[in-house]
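Below is one structure, written out as structure tokens; the observations come after it.
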There are 2 protein chains.
Amino acid sequence: MITQDQDTLSQKWEVLLSQAGYRITRPRRAILDIVAESSRPLTPLEIYDKVREDNPGVGLVTIYRTIEKLEELHLVSHVHHLGECQTVFRCPDSHQHLLICTKCGSSRYFDGLEVEEQFNQIGEKLGYQVTGHWLQLAGLCEACRGKQQSKG
Amino acid sequence: MITQDQDTLSQKWEVLLSQAGYRITRPRRAILDIVAESSRPLTPLEIYDKVREDNPGVGLVTIYRTIEKLEELHLVSHVHHLGECQTVFRCPDSHQHLLICTKCGSSRYFDGLEVEEQFNQIGEKLGYQVTGHWLQLAGLCEACRGKQQSKG
DNA sequence: TCCTTATTGATATTGAATGTCAATATCAAC
DNA sequence: GTTGATATTGACATTCAATATCAATAAGGA
């Protein structure tokens, strides 16, 4: 079982996978690196392409299986972006919400929104017991906004 | 151009499609009926099956093309439900949010949530210009909650 | 180092989503 | 009511992401 230093997120993930009884392999490590360090949500195919830049042999199936495990351990979650459903992004430690740039995809988590009580009240009014919510903000990041304005 | 009485939602949709220059056909009418009257989001294949109960000849392509047009006119939108991305549900007149039962899928729109200002503030703090948001609540409807409790 | 077994990647398969196109049906114009 | 331009249809073919299979391989505890 791996118990080394945990400098980067992908190293943390290695430890957690290992602790969960999963083996750390070369392809798996490459996938962790890509996904953990990405500043934006990635599709399985994007991950596949990036991984194969340095590890040509890795198969697409391995990508899917690794995502599966990361999801199982709540290290990544599926994100809704540009009509994609399978897009994957790292999870925050606590329950937070995502803000995605509609242009480049660069994403940030945020919290401090006090809406849960409002959600419960809405549920009551409609006869539903609210068990979860899904909130994502879309916008333009600083960089993409700059580019857009520079044209005028 | 169709200008008849608008009793049901599907009839309203017929008028709008017609006004947009699209023709009203038998398959299309059947699809409108199913989608407009559904109390829960449906996948293209679910629509396909339901339509074919009464109209055996209708092809799957027609389903997709009709959904396309309904979406273009903002009469339906894609909904995130049970991992599905293509699931389709009617839109409310104004901008509202959706509350879906995680068990049976029955769905209700709601409004009266004053969060836009908060969203903008969060965006500012992170350097994003917030252009949209996506909020969905998940829960258990009255009926499904009843079933679950009756077991204990 | 050994050995169990999780993991891998090549291969095949599935099935939703999309493209093509001749036949058909709609509906405005007459 | 009839006509005709053309939007629409469904059969068919195709694409390609996602999944299943399985022998070969490699991880990592003993």
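Proteins get letters first, then strands, A, B, ... in listed order; numbering begins at 1 in each.
Side-chain atoms of B:P27 lie closest to D:dT9 of the nucleotides C:dA6, D:dT9, C:dC27. Residue A:L45 has its side chain nearest to D:dA17 when only C:dT11, C:dG19, D:dA17 are considered. Candidate nucleotides C:dT8, D:dT8, C:dT5 were compared by shortest atom distance to the side chain of B:K69, and D:dT8 ranks first.
Remark on DNA chain D: of its neighbouring residues B:T25 and A:R26, the 5'-side contact belongs to B:T25, judged by nearest-heavy-atom nucleotide. Comparing B:P44 and A:V58 by the nucleotide of DNA chain C that holds the closest heavy atom to each, the one mapping nearer the 5' end is A:V58.
Rounded to an integer number of Å, the gap from A:L17 CG to C:dA6 C1' is 13 Å. The CD1-P distance, from B:I24 to D:dT6, rounds to 20 Å in whole Å. Nucleotide D:dA17 holds its C1' atom 13 Å from the CD1 atom of A:I63, rounded to whole Å. Atom OH of B:Y22 and atom C1' of D:dT8 are 12 Å apart (whole Å). Note: CZ (B:R52) to P (D:dT9) measures 14 Å, nearest angstrom. Atoms CD1 (B:I31) and C1' (D:dT9) sit 11 Å apart, rounded to a whole Å. For the pair B:E68 CD and D:dT8 P, the interatomic distance rounds to 11 Å; values are reported in whole Å. When rounded to the nearest whole Å, the span between CD of A:E72 and P of C:dT7 equals 10 Å.
Distance alone, capped at 3.5 Å, places no donor-acceptor pair between the B:R90 side chain and the B:V76 backbone.
Contact annotation for A:G21: no contact, since no heavy-atom pair falls under 4.0 Å across all strands. Across all strands shown, B:R28 has heavy atoms under 4.0 Å from sugar-phosphate atoms exclusively, and none from any base.
Between the side chains of A:S106 and B:Y128, at least one donor-acceptor pair of N or O atoms lies under 3.5 Å.
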Legend entry - Full working for side chain to side chain contact (heavy atoms under 4.5 Å, CB included) between B:H133 and B:H97: CA-CA 10 Å; B:H133 59 266; B:H97 299 109; 3.0 Å; yes
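Contact check on B:E14 versus B:R23 returns no salt bridge, with no Lys/Arg side-chain nitrogen under 4.0 Å from an Asp/Glu carboxylate oxygen.
At a cut-off of 3.5 angstrom, counting only N and O atoms as typed in the model, there is no donor on one side facing an acceptor on the other between the side-chain of A:R65 and the base of C:dT8.
B:K69 NZ: more than 12 foreign heavy atoms inside a 6.0 Å radius.
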